[in-house]
Amino acid sequence: MRGTHYISADSCCDATRHTRAALPVNGRVWVAQRYAVDWEQTDAGGRIYAGPREKLESYAIFGQPVLAVADALVVSVIDGEPEQTPGNYPTNIALDKADGNSVILDLGSHRYALYAHMQPGSIKVRSGEKVHLGQVIGLVGDTGNSIVPHLHFQVTDGPSSLSSNGLPYEISEFQVAGATAGTKAFDETESNGTPVPVTPVVPPQTVKQAMHWTSWSSASQRTKSL
Ligand SMILES: [Zn+2]
């Protein structure tokens with residue numbers, strides 16, 4: 001993704017939603033979401049949404065372009081799943097609909113990248129097509145097993161979003177501008193629409209070739225030492 005005010009939610013430290021999501025699928029237990037991130041975004045005022053909570057357009061991240069993380073081959077595309085109503089998880093959703101509108105890229109060397117919950121009709125690539133780094137794949141939506149518009153991203157060792165195991169990955173470069181007060185505080189702001197409390201990192205810290213959570217923990221240590 002491009003831009004500012006992104007939050008790597010449910011990805012680190014006190015978050016367990018992905019990290020410990022051991023799922024039995026076809027007789028085996030998998031931890032596909034082990035290193036997954038739910039990318040969220042606030043507006044300049046620090047809010048996940050402004051306006052009616054149940055309206056998709058109220059959310060800062062809704063409609064943001066989703067970009068290919070590398071030159072890759074498209075191995076799977078799901079489209080046509082409807083948007084959910086923000087604020088509530090859908091009930092009785094089938095396992096194969098959990099990702100909503102989604103794309104899986106083959107990065108080579110048994111590495112696969114999943115992008116989930118995109119807008120219906122927004123996916124611009126087809127199975128079997130080659131994509132290049134930075135190419136737009138689709139737009140952020142709220143489809144599948146999703147409570148608010150966000151981008152779920154993960155890298156796994158197989159081409160299935162559930163029956164595979166999650167692998168760590170590096171982001172080539174990003175800036176850490178602040179640290180949130182943790183998953184519980186974040187979830188509260190996500191449900192009541194108040195600004196997300198953030199402890200700023202001043203000046204913002206440029207991080208290269210790292211996983212987000214290593215950087216988050218060093219950012220919070222740095223904040224403590226200031
Ligand atoms: Zn997720």
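Read the numbers this way: they start at 1 and go in the same order the structure lists the ligands and their atoms.
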### Message
Ignoring hydrogens and geometry beyond distance, is a side-chain donor-acceptor pair present between Gln209 and Glu170 at under 3.5 Å?
### Response
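The answer is yes; a qualifying pair exists.
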### Message
Can a side-chain donor-acceptor contact be found between Glu83 and Gln119 if the only test is distance below 3.5 angstrom?
### Response
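No, Glu83 and Gln119 have no side-chain donor paired with an acceptor closer than 3.5 Å.
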With the Zn ion (ligand 1) as the reference point, give the N/O/S atom of [X] that is nearest.
X	value
Asp38	OD1
His18	NE2
His152	ND1

### Query
Under 30°, 30 to 60°, or over 60°: which ring-plane class applies to His150 and His117, parallel, tilted or perpendicular?
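The arrangement is tilted - the two ring planes meet at 30° to 60°.
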### Task
Taking the six-membered ring for Trp and the full ring for Phe, Tyr or His, determine whether the centres of Tyr35 and Phe153 are under 6.0 Å apart.
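No, they do not, as the ring centres are separated by 6.0 Å or more.
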